[in-house]
Amino acid sequence: MKNLKDILYKVALDSIIGSSEVAISKIEFDSRKVQENDVFVALKGTLVDGHDYIERAIKLQAKVIVCEVLPEVKHSEVTYVQVSDANSALAIMASNYFKNPSANLQLIGVTGTNGKTTIASLLYQQFKNAGYKVGLLSTVKIMVDEVEYKATHTTPDSLTINHYLQLMNDEGVEFCFMEVSSHGIHQKRTAGLEFRGGIFTNLSHDHLDYHETFAEYRDVKKLFFDELPKTAFALTNIDDKNGEIMLQNTKAKKVSYALKSYADYRAQILENQFSGLLLKVNDNELWTKLIGSFNAYNLLAIFATGELLGLETNENLRLISLLENVSGRFEYIVSKEEKITAIIDYAHTPDALKNVLETINDIRTGNEQLFTVVGCGGDRDKTKRPKMANIASVLSTTAIFTSDNPRTEDPDVIIAEMESGVTPENYKKTISINNRKQAIKTACQMASTNDIILIAGKGHETYQEVNGVRSDFDDLKTVKELLIKLNK
């Protein structure tokens with residue numbers, strides 16, 4: 001049991017009705033999970049308002065209610081805590097409940113549109129290879145040193161974050177690398193965490209179904225850097241025009257990286273091929289198994305972070321040369337007979353798709369055909385659909401439009417919205433096939449010796465979501481099976 005007064009430490013309170021000297025069991029924001037002596041925090045969500053479930057929580061014997069609006073009917077045995085921002089209060093309470101675990105870690109947050117998963121995951125690899133105990137909170141998975149847990153969100157809720165950070169404390173983890181999404185920042189899931197550093201990758205078109213404008217999306221990202229302490233570093237990509245904006249009001253140490261601009265950490269691509277990249281990083285040559293200019297940026301951010309966290313330069317370079325690709329990020333196989341290269345990538349934004357296709361085209365000799373299989377998710381930002389289709393049609397020999405995760409939308413409507421972005425001269429280069437497996441099979445059938453197939457949008461995901469039901473579907477597994485069958 002915990003003392004409510006201790007749990008409310010540093011929470012901005014408007015009022016308390018009842019005693020703060022109350023023993024509580026745990027904190028919940030889902031009324032269905034409430035048990036005797038719990039604190040129920042009423043959050044105002046986009047679809048559901050937790051205030052509507054206060055009475056249900058009390059019937060389940062919640063001892064404390066934390067809310068922005070006090071209910072008209074109050075129970076004498078219940079303590080009511082009124083706050084102006086319940087999301088922020090929940091995050092700070094979560095940190096207090098789990099004994100402020102982030103303070104015992106070197107916690108690094110990675111934010112931006114593209115590259116978050118790759119940078120966080122590779123930093124985990126790098127510091128593991130350096131002999132440290134390391135944690136990871138990412139889109140792909142959560143790692144508590146050697147133990148893997150399933151990830152459900154890019155940035156989990158604040159209770160989940162602090163739960164895993166406490167497990168990391170228990171295991172003696174020293175460094176933790178964490179993806180920080182715009183949703184997570186906006187919903188204050190990272191409030192109360194003590195960051196040692198923050199990394200900004202880039203900013204491009206995404207999440208405009210949630211954020212009303214691009215400016216709002218940018219400013220939410222900026223909040224993360226605004227709130228970093230003086231003891232932290234703020235590492236930003238200044239080749240992106242928004243990189244300098246991230247640093248405007250930060251109290252943290254300002255550090256920059258770039259391929260095209262003058263920066264504290266600079267890199268030049270010397271060679272770019274399917275076997276890897278040869279880079280010149282701050283006058284040091286580095287060979288890596290990763291591919292493409294977008295990965296050059298990712299690796300430069302990793303090199304800079306390694307130095308900022310105390311790795312010696314030569315050791316830092318050596319460790320980077322050992323890094324293996326992240327699941328679903330430019331992951332590729334080559335068929336034995338036809339030498340067809342199939343690439344799986346999570347690219348689900350216009351900028352990410354453009355980066356991957358440009359990387360492939362840079363490596364192509366010109367004789368190979370490039371088939372791109374791409375879809376757009378349902379119930380998400382609709383404005384990027386025509387843009388992604390246009391990019392695929394311009395930069396591919398053939399673009400095959402298909403389903404991604406249609407969720408509650410009609411996949412044919414999504415594909416039609418994609419098709420609207422294709423210009424007349426490129427329309428003949430496109431095919432639309434609703435069924436994703438059939439679309440991948442068609443690409444495999446059309447490809448011949450040395451051709452390239454890009455399957456974009458889902459990457460590491462192993463499911464297809466239709467009308468709330470998730471069924472097994474793995475792009476990499478599917479294309480492997482199809483290429484084996486077709487080559488027999």
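Just so you know, residue 1 is the first one in the sequence shown, and it goes up from there.
- Closest of all the heavy-atom pairs between Ala301 and Tyr257 is CB-CZ, 3.7 Å.
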- request: Output, in order, the C-alpha distance, side-chain angles, deciding distance and verdict of side-chain hydrogen bond (donor to acceptor under 3.5 Å, both in side chains) for Lys289 and Asn325.
  value: CA-CA 7 Å; Lys289 300 171 189 175; Asn325 218 338; over 6 Å; no
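- Remark: Lys116 fails to qualify as a cation-pi partner of Phe177 under the 6.0 Å distance and 45° angle criteria applied to the six-membered ring.
- For the residue pair Asn114 and Thr349, a side-chain donor N or O sits within less than 3.5 Å of a side-chain acceptor on the partner.
- Checking side-chain atoms of Lys133 against main-chain N and O of Glu171 turns up a donor-acceptor pair under 3.5 Å.
- Remark: the Glu307 side chain and the Asn282 side chain contain no N/O donor-acceptor pair separated by less than 3.5 Å.
- Within a 6.0 Å radius of NZ in Lys253, no more than 12 heavy atoms belonging to other residues, nucleotides or ligands are found.
- Classification of Glu465 and Arg470 as a salt-bridged pair holds, one side-chain N sitting under 4.0 Å from a carboxylate O.
- No cation-pi contact links Lys221 to Phe200, judged by a cut-off of 6.0 Å to the six-membered ring centre and 45° from its axis.
- Listed here is the closest heavy atom pair of Val180 and Thr111: O-OG1, 2.7 Å.
- Other residues, nucleotides and ligands contribute more than 12 heavy atoms inside 6.0 Å of the OH atom of Tyr463.
- By the 6.0 Å contact criterion, NZ on Lys354 is open, its count of non-hydrogen atoms from other residues, nucleotides or ligands being 12 or less.
- The stretch residues 290-303 participates, sequence neighbours left out, in these side-chain hydrogen bond (donor to acceptor under 3.5 Å, both in side chains) pairs: Asp239-Tyr297, Asn295-Asn298.
- Leu300 approaches Ala258 most closely through the heavy-atom pair CD2-O, 3.3 Å.
- Shown here for Leu319 and Ala130, the closest heavy-atom pair between the two residues is CD1-CB, 3.6 Å.
- Here Asp145 pairs with Lys128 in a salt bridge; the nearest charged N to carboxylate O distance falls below 4.0 Å.
- With salt bridges taken as basic N to acidic carboxylate O contacts below 4.0 Å, none links Lys33 and Asp38.
- Counting only distance, with no hydrogens or angles, the side chain of Thr113 and the backbone of Ser204 share a donor-acceptor pair below 3.5 Å.
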